[in-house]
Amino acid sequence: MPPAPADLVARYGSPLYVYDLAVVRARARALAGCISYQPFQPLYAIKANPCPAVVRAIVAEGYGIDAVSPGEVALALRCGVAADRILFTENNMTDAEQAQALAQGVLVNCGSLDRLERLAKAGARTASVRFNPDVGAGAHEKICTAGPMTKFGVHYSQVDQVAAIERATGIQVIGCHMHIGSGILDAGVYARAMAVILQVAARLPNLRFIDFGGGIGIPYRAEQQPMDLSALGAKASELMAAFAASYGRPLELRLEPGRFLVAEAGTLLTTVTSVKTNPDTAAAKGRTYVGCDTGFNHLVRVAMYEAFHRIDNLTRPDAPAAEVDVVGNICESGDVFARARSLPAPQLGDLLALRDAGAYGTAMASTYNTRPLPAEVVIDGDQVRLARRRQTVDELLEAWEW
Ligand code: LLP
């Protein structure tokens, strides 16, 4: 039996992030299982949740790592991932970061022509290039990472310039990559972008892999349908098989999901610290505010992307429903987890669960308002392990010069 959330909070405190590794493993297998094309190498976009226990569970399922910073590369190496299983998808990296990646033996996935040139100049023999297929997608404009209005990637129409850099410098572009956005539930838009990327790939002579990126969404709302994984897998496999036949040699297919693997495995547990109902006024009907001991410092997705997270009242699931605003403890009006949400009427001290918080939850947490980061625990069957201890105010303060 996995431990009860109330027991976890009694032991580790509130607020608390909890990740269930059984869910992580199930998602990792589901994704790998939908691709029939071989060779296939999935990568985990470690930015979604860098908790080492989560990373190790995914790597044990045969995944490599997509990293986007020196810190993420260091974290993956420390989790025991070999350098040749890490792809560093750079974005405006410095020359010093490039030098470090080369010394570590990590392949750099360039997002600009000038970076590819500098890599060649620094003596790199191989690189990957991220292209912008001009097809973007995503659950919110801030997480759409391709199309006309993005800083990411080399525009697909510039592929001949990439090939020219190869010829001029001798660097081999062995990977052709795209990542069009995040939170995608429609396999069709993915397929359109894949077709563009394969046209790009046909113009590059030294490829060893094609990486279609991450971006697979999850149904945060009850009425949303999950991505049709078998349709996505079948399309990717079919396109790759046809492409490999025309390219003349086998090429590895890669995908690099983040959210899909970890979002549904994570819950943010929080305790109700205040319940207040404002009176009706001429300007507005009175609202009931349910205040919690966490805020957008720990889960910024609602404030930043107008995201939706299901909320359960774990203490009194059968109480009569009330329409409430669930809000945090940060001094900003935007610190709202849900507006006019129908919940079993929360009372002081109740434990609430913010669901599907395993991706881009603690990964994006901050110490705003000088509030420490929360603790994180991992459930593995009936075992519970502390994954990250709760930060203390002293730890926050000691970084300053006094
Ligand atoms: N590969 C690259 C190069 C990426 O930039 C990303 C995410 C991924 C893979 C993984 O995407 P995923 O499968 O998780 O959608 N903070 C936002 C999501 C930003 C995603 C940025 N890049 C959120 O909370 O919704």
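One-based numbering, in listed order, for ligands and for the atoms of each. Only a predicted model underlies this, so the values are computations on that prediction, with no experimental measurement involved. Residue numbers count from 1 along this sequence.
- The protein heavy atom nearest to atom 15 (O) of ligand 1 is S182 OG, 2.4 Å.
- Judged by the 6.0 Å distance and 45° axis criteria, R341 is positioned over the aromatic ring of F308.
- Residue T89 has at least one heavy-atom neighbour below 4.0 Å for each of these atoms of ligand 1: 3 (C).
- Note on ligand 1: A359 sits outside its first shell, no heavy atom being nearer than 4.0 Å.
- Atoms of ligand 1 lying under 4.0 Å from any heavy atom of D66, numbered from 1 in the order shown and given with element: 1 (N), 2 (C), 3 (C).
- From the protein, the heavy atom lying nearest to atom 24 (O) of ligand 1 is R301 NE, 2.6 Å.
- The protein heavy atom nearest to atom 1 (N) of ligand 1 is E256 OE2, 2.7 Å.
- Below 4.0 Å from some heavy atom of G214 lie the following atoms of ligand 1, by number and element: 9 (C), 13 (O).
- Of the heavy atoms in I184, none comes closer than 4.0 Å to ligand 1.
- Put simply, part of G215 is less than 4.0 Å from ligand 1, judged by heavy atoms.
- Each of the following atoms of ligand 1 lies closer than 4.0 Å to a heavy atom of M364: 16 (N).
- Under a cut-off of 6.0 angstrom, the local environment of CD in E141 is sparse, with at most 12 non-hydrogen atoms contributed by other residues, nucleotides or ligands.
- Nearest protein heavy-atom neighbour of atom 16 (N) of ligand 1: Y305 OH, 2.8 Å.
- In this structure, atom 19 (C) of ligand 1 lies nearest to the protein heavy atom I143 CG2, 3.7 Å.
- At least one N/O-N/O distance between G258 and ligand 1 falls below 3.5 Å.
- Between the side chains of S112 and D114, a donor-acceptor pair is found at a separation under 3.5 Å.
- When only modelled atom types and interatomic distance are considered, T294 and T270 share no side-chain donor-acceptor pair under 3.5 Å.
- Residue-level proximity to ligand 1 for F260 is absent, since no heavy atom of it falls below 4.0 angstrom.
- For atom 14 (O) of ligand 1, the nearest protein heavy atom (residue, atom name, distance) is Y360 OH, 2.6 Å.
- Across A45, A48, A263, heavy-atom proximity to atom 10 (C) of ligand 1 is greatest for A45.
- Residue contact annotation: R130 has a non-hydrogen atom under 4.0 Å from ligand 1.
- In the model, Y220 has a side-chain atom that pairs as donor or acceptor with a side-chain atom of R259 under 3.5 Å.
- Taking OG1 of T271 as the reference point, atom CG of L314 lies at 10.0 Å (rounded to 0.5 Å).
- At least one heavy atom of K47 sits less than 4.0 Å from an atom of ligand 1.
- The nearest non-hydrogen atom to atom 22 (N) of ligand 1, considering only E90, R259, H179, comes from H179.
- Side-chain polar atoms of D66 and T89 form a donor-acceptor pair below 3.5 angstrom.
- Taking 4.5 Å as the limit, every side-chain heavy atom of L87 sits out of range of all side-chain heavy atoms of R130.
- S128 places none of its side-chain heavy atoms less than 4.5 Å from the side chain of D211.
- Side-chain N/O atoms of T362 and Y19 include a donor and acceptor closer than 3.5 Å.
- Listed by number with element, the atoms of ligand 1 under 4.0 angstrom from any heavy atom of P257 are 13 (O).
- Taking each heavy atom of V81 and I86 in turn, the nearest pair found is CG1-CG1, 3.7 Å.
- Between E256 atom CD and I46 atom CD1 the span is 12.5 Å, to the nearest 0.5 Å.
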